[in-house]
Amino acid sequence: MAIVATSTWAAFKARRALEVKWDEGVGANHGWADFAAQAKAAAGKPGTTTLRKDGDVAQAFAGAAKTVEASYSYPFISHASMEPQNCTAWFKQDGTLELWAPTQNPGSGQALVTTTFGIPKEKITLHIIRSGGGFGRRLSSDFIVEATAIAQKAGAPVKLTWTREDDLQHDHFRPGGFHHLRGGVDANGKLVGWHNHFVTFANRVEREGKSILQPGSGGSLSGDEFPGRWLGNCLLEQTALECRIPMGPWRAPGSSVFSWVFHSFIDELAHAAGRDPVAFRLELLGDKDIVPGTGERGQPYSVSRMRNVLKAVAEKADWGKRKFGPGQGAGVAFHFSHRGYVAEVAEVTVSKEGQLKVDRVVVVSDIGAQIVNLSGAENQVQGSVIDGLSTLMLPELNIDKGRVVQSNFHDYQLLRMPDTPTKIDIHFLKTDYPVTGLGEPVLPPLAPAVCNAIFAATGKRVRELPLSKTDLSWS
């Protein structure tokens, strides 16, 4: 159903006057509370898929000096780009189509229009215009197809504009997830066993005549995820909950949440072992140069590069040398994401009432041999730190009766300027490797570094996102 008018606001006003009775389908039964209950029930059972199984995890836990169990969870979130989805389409009498769209993936958009409407590719001209934020949302081309469908019927150029509410509630969301973890350390404080049962979300799709559950983008855990390839006893499992919620890539897909879970839990194990968190991680990384990838999409991991950024960030942050007062502390994390090696230290102050202030973030990145535009690179790091902190602290989408409850920035909040870190120290290690991107790898380590700092400051462990759901007050 579409409304075509002579102005955007006339179309919006007419839409609000519509009274439509929809066939809502089985998706109207979905709710976050029910998903959480399903995930809790799944935690006590074996995963439906085994992603990695090395050694004997049960025996490792039986012989461990200490074991730690924890459950981490995070909600669906939106891309919340400043510019809602839009596209201008002009279907001409000669059968050609001209499109103007803020898209991250013009080739895919053109191909989808061809397969949907049968318009030959050579008759489609797609102009790429500036985007007011993408973060993966504009990799999808649904708004381009929608504009094309309306333009074919309208017989005139059509400018499609989504409302903010449309954009927030009908996004291709970052999937929520639940991780049930268990780890064991020996008498020397060395990590000897790791078990993660990941409960994720999936849509049912048709593949080669078969109906299968396809986890949402960023909702598939790789068997190579750290510390999977580093331990002799490691079990990684996954269980998918079927849903009708559309999902899509969100900045640093997968890594943006996996880093928070894994490096928060590694920090738990370091403290349980009575070890310095940096030393514990360096021992876990080991002395190999390269750890090869496994499976079809496995990526080799340069351990030496990660060791170097971890040592460098500890040095730049004066790790272990600074004295913190009550309610203050530092946390560390690292992650390999989108071929970039990044380590971060966050320093925080938490008031007795539980008010968080991130005082400083120190970032060391290794993305290869050359930084072409230093100010642009620094801006990418600053933006990633602020975006990562915003996503850690505030946004959450609740699902009730198949609907996204939040609708606009009044109830889906983002970080404001006064709450950004006071100082972001940026350092690059130039190494003799091909240059890779910087738009995504800095974001994943931010959340665990801050949460580990919160623990150092207050003794409280954050295991649920957003951070606003955890009472940080202390005495």
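By convention here, the first residue in the shown sequence is residue 1.
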Does the side chain of [Y] come within less than 4.5 Å of [X]'s, by heavy atoms?
{"X": "Asp171", "Y": "Ile77", "result": "no"}
{"X": "Pro300", "Y": "Pro292", "result": "no"}
{"X": "Arg251", "Y": "Asp387", "result": "yes"}
{"X": "Val405", "Y": "Leu397", "result": "no"}
{"X": "Val26", "Y": "Arg244", "result": "yes"}
{"X": "Leu465", "Y": "Pro75", "result": "yes"}
{"X": "Pro277", "Y": "Trp319", "result": "yes"}
{"X": "Val442", "Y": "Val363", "result": "yes"}

Charged N-O contact under 4.0 Å between [X] and [Y]:
{"X": "Lys430", "Y": "Asp366", "value": "no"}
{"X": "Glu237", "Y": "Arg52", "value": "no"}
{"X": "Arg137", "Y": "Glu83", "value": "no"}
{"X": "Lys357", "Y": "Asp359", "value": "no"}
{"X": "Asp267", "Y": "Arg461", "value": "yes"}

Assess, by modelled atom type and distance only, whether the side chains of [X] and [Y] contain a donor and an acceptor separated by less than 3.5 Å.
{"X": "Thr103", "Y": "Asn105", "value": "no"}
{"X": "Thr49", "Y": "Gln238", "value": "no"}
{"X": "Ser365", "Y": "His427", "value": "no"}

Q.
Walk me through whether Phe178 and Phe35 qualify under ring-ring contact (aromatic ring centres under 6.0 Å, His included).
A. CA-CA 10 Å; Phe178 306 85; Phe35 287 141; 8.4 Å; no
Q. Can you list the steps and then say if Ser473 with Asp471 is a side chain to side chain donor-acceptor pair (under 3.5 Å)?
A. CA-CA 6 Å; Ser473 61; Asp471 179 10; 2.7 Å; yes
(Q) For Ala317, give me all partners under side chain to side chain contact (heavy atoms under 4.5 Å, CB included), at least two apart in sequence or on another chain. (A) Val345, Arg360, Val362
(Q) Quick check: His179 with Phe198 (ring centres under 6.0 Å apart)? (A) yes
Got a list of side-chain donor-acceptor pairs under 3.5 Å for residues 63-72, not counting sequence neighbours?
{"residue": "Lys66", "atom": "NZ", "partner": "Ala272", "partner atom": "O", "Å": "2.8"}
{"residue": "Ser71", "atom": "OG", "partner": "His180", "partner atom": "ND1", "Å": "3.0"}
{"residue": "Tyr72", "atom": "OH", "partner": "Glu268", "partner atom": "OE2", "Å": "2.5"}

Validation: residues 320-327 side-chain donor-acceptor distances under 3.5 Å, sequence neighbours left out:
{"residue": "Arg322", "atom": "NH1", "partner": "Glu347", "partner atom": "OE1", "Å": "2.5"}
{"residue": "Arg322", "atom": "NH1", "partner": "Glu347", "partner atom": "OE2", "Å": "2.9"}

Q) Taking only residues two or more places apart in sequence, or in another chain, which ones meet Ser211 in a side chain to side chain donor-acceptor pair (under 3.5 Å)? A)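 Ser211 satisfies side chain to side chain donor-acceptor pair (under 3.5 Å) with Arg204 once adjacent residues are dropped.
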(Q) Quick check with a 6.0 Å cut-off and a 45 degree axis cone: is Arg174 positioned over the face of Phe76's six-membered ring? (A) no
Q | Atom CD of Gln355: over 12 foreign heavy atoms under 6.0 Å | A | no
Q: Could you name each residue pair satisfying ring-ring contact (aromatic ring centres under 6.0 Å, His included) that touches residues 227-248, not counting sequence neighbours?
A: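 Non-adjacent pairs meeting ring-ring contact (aromatic ring centres under 6.0 Å, His included): Phe226-Trp230, Trp230-Tyr301.
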Donor-acceptor contacts, no H, no angles, side chain residues 282-290, under 3.5 Å, sequence neighbours left out:
{"residue": "Glu283", "atom": "OE1", "partner": "Arg275", "partner atom": "NH1", "Å": "3.1"}
{"residue": "Asp289", "atom": "OD1", "partner": "Ser304", "partner atom": "OG", "Å": "2.7"}

Q | Test side chain to side chain donor-acceptor pair (under 3.5 Å) applied to Asp167 and Gln85, step by step | A | CA-CA 7 Å; Asp167 196 76; Gln85 309 313 307; 2.8 Å; yes
Q | Worked verdict on Phe265 versus Val261 for side-chain contact (heavy atoms from CB on, under 4.5 Å) | A | CA-CA 6 Å; Phe265 190 59; Val261 173; 5.5 Å; no
